Amino acid sequence: MDETHADLLMQVEGMTCDGCAAAVTRTVNRIDPAAEIRVDRESGRVAIRTDAQALVIAEALTKAGYTATAMTG
């Protein structure tokens, strides 16, 4: 099985609490349940190892109420 994972780094504005970090994680997991997600709430950055495209994740996070910008990917 040939799997291609991308390592994305996203700037996510609006994550102010642990609940926000959990919501961001849930949003990404809806797109890619196998994604590996690390949230750094202090810097507002989210590192994601995923098969999904950065634009798709950024759009989903924006719909969830955050301002998301792909820094890589």
Side-chain angles (χ1 to χ4, degrees):
M1 183 174 197
D2 184 23
E3 296 182 27
T4 56
H5 295 289
D7 290 316
L8 307 177
L9 182 60
M10 306 198 82
Q11 184 70 38
V12 181
E13 302 297 329
M15 287 190 304
T16 58
C17 65
D18 289 338
C20 293
V24 166
T25 299
R26 281 191 306 273
T27 299
V28 174
N29 280 142
R30 281 189 205 113
I31 296 165
D32 180 1
E36 297 173 24
I37 306 157
R38 289 184 318 275
V39 176
D40 182 348
R41 199 168 38 90
E42 287 185 25
S43 69
R45 292 185 179 168
V46 180
I48 308 166
R49 184 168 177 84
T50 182
D51 291 332
Q53 293 182 352
L55 182 59
V56 172
I57 292 174
E59 288 174 348
L61 291 172
T62 298
K63 287 180 184 175
Y66 303 94
T67 303
T69 307
M71 299 174 70
T72 61

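Hydrogens, waters and symmetry mates play no part in the numbers below; they use all other heavy atoms, side chains included. We count residues from 1, following the sequence as given. These numbers come from a predicted model, not from an experiment.
Contact record, Leu61 with Ala68: CB-CB, 3.7 Å, taken as the closest heavy-atom pair. Pairing each heavy atom of Ile31 with each of Val56, the nearest pair is CD1-O, 3.9 Å.
The distance from the CD1 atom of Ile48 to the CD1 atom of Ile37 is 6.0 Å, given to the nearest 0.5 Å. For the atom pair CZ of Arg49 and CG of Asp7, the computed distance is 4.5 Å after rounding to the nearest 0.5 Å.
Within the structure, side chain to side chain donor-acceptor pair (under 3.5 Å) contacts touching residues 55-66 (residues at least two apart or in different chains) do not occur. Listed by first and then second residue, the side chain to side chain donor-acceptor pair (under 3.5 Å) pairs involving residues 26-38 are Asp32-Thr50 (not counting sequence neighbours).
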Enumerate donor-acceptor pairs with a distance under 3.5 Å from any side-chain N or O in residues 13-23 to protein atoms, sequence neighbours excluded.
residue, atom, partner, partner atom, Å
Glu13, OE2, Gln11, NE2, 3.3
Asp18, OD1, Arg41, NE, 3.4
Asp18, OD1, Arg41, NH2, 3.3

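Contact of the Met71 side chain with the Met10 side chain is not registered, since no non-hydrogen atoms from C-beta on lie closer than 4.5 Å.
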Residues Val24, Val46; criterion side-chain contact (heavy atoms from CB on, under 4.5 Å); working and verdict: CA-CA 9 Å; Val24 166; Val46 180; 4.0 Å; yes
